Amino acid sequence: MKIIKMLCTQSDCYKVGRKISPKGLMLHSVGCSQPNPYVFQRIWNKARVNACVHAVLGPDGTVLQCLEWNRRGWHAGGAANNTHIGIEMTEPATIKYIGGSNWKDLDPVKTKAHVLATYKTAVELFAKLCKDYKLDPLKDGVILSHSEGHKRGVASNHGDVEHIWSRFGLTMNGFRNDVKKAIYTVVVKSVASVSKPVQPTVKPLGYLVKVTAWFLNYRTGPGVNYKKRGSIRKNQVYTIVDEKYGWGKLKSGAGWINLKYVNRV
Ligand SMILES: [Zn+2]
C-alpha cells in the first residue's frame, strides 16, 4: 500500500470543510470500468460536483487520498457521510456494464487479478484506519459496504461492493475478518504528497497504432467518463500524439482512445 495524498481542494465537498470523528469505514466500488484512480480524483476536484470520497484504490497498491480522513466526504448519499470514511475501489477495464449493476466479464483472468489486488489494498488501508481511529472492524456497523449501508438506512441504494465481489467468492464478512487480522501486520510503505498525477512511463510521441477491438470509441478526453464522439474500427491504423492515464490522443484531433485496445505498429 502506497498512500499518495492529492487532496480535492477545488471540490465543493472539500470547500464546505465539515469535519467528522470517524466512527466507521464504508467501502465502495466505482461502478464503471476505470482502473485508474487519478481519473476519479480529477473528476471530483472541481466545483459543482456532488461527490468526493476520502480515497480511491488502484490494483498496484495505490491509495490516492482525496480528502483528509476527518473531513466529511460525500460518498454514501445518506447519514453515513457524518460518521464513516468513504473509500472507493477502482474496477478493471476488462468488464462491461450491461444495465444497473450487472456486468459482463471480458477477460476473467485480468478481471480477477484486478479485483483481488484492490481487495488487498482495501484490507491494508482499512487495517491502518482502524488502528489510527481505534475502530474494531468486527463491531456491528463499523465496516460497511455501500449496499450494507443502504440496508441500514444510512446510504443510498447502490449494489457496491458485492456486485463485483460475489463472483469471486469475496464477502464483507470475510473482508472484516481479513482487516482484523491485518491490523497487527499492516505497514504503510510510503506516504507521498503530490499536486499532479504521476505520469505513466513516457513513450516517444507520434507513433502508429493498429486497433485490436472491433469498435473502439474515441472520446473528448482520456477516460470513459468523457463524452463519446465516435468510434474507429479494427485493423485501422492511427497516429497517437499524446498520452494520459493509459489513453492516447489521435493526431487528427478527433479525440482520445483507450490504448488497451490497440497495438503499436
Ligand atoms: Zn458506492
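Order of listing sets the numbers, starting from 1, for every ligand and every atom in it. These numbers come from a predicted model, not from an experiment.
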If the cut-off is 2.8 Å, does any N/O/S atom of His158 fall short of it from the Zn ion (ligand 1)?
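Coordinating: no.
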For a distance under 2.8 Å, tell me if Glu88 has an N/O/S atom near the Zn ion (ligand 1).
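No.
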His28 atom ND1 and Asp160 atom OD2 as seen from the Zn ion (ligand 1), angle to 10 degrees
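Output for this angle: 100°, rounded to tens.
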I'd like to know if Lys15 pairs up with Asp12 as an ion pair, taking the criterion as any Lys NZ or Arg NE/NH1/NH2 lying under 4.0 Å from an Asp or Glu carboxylate oxygen.
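So Lys15 does not pair with Asp12 through a salt bridge.
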Quick one: do Lys120 and Asp178 make a salt bridge, cutoff under 4.0 Å?
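Salt bridge absent between Lys120 and Asp178.
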Qualifying residue for side-chain hydrogen bond (donor to acceptor under 3.5 Å, both in side chains) with Thr94, from Asp105, Thr111, Asp107
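Answer to the side-chain hydrogen bond (donor to acceptor under 3.5 Å, both in side chains) test with Thr94 among Asp105, Thr111, Asp107: Thr111.
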Can you name the N, O or S atom of His146 that is closest to the Zn ion (ligand 1)?
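When I compare the N, O and S atoms of His146, ND1 is nearest to the Zn ion (ligand 1).
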Do other residues, nucleotides or ligands put more than 12 heavy atoms under 6.0 Å from the NZ atom of Lys180?
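Atom NZ in Lys180 is packed in, count exceeds 12.
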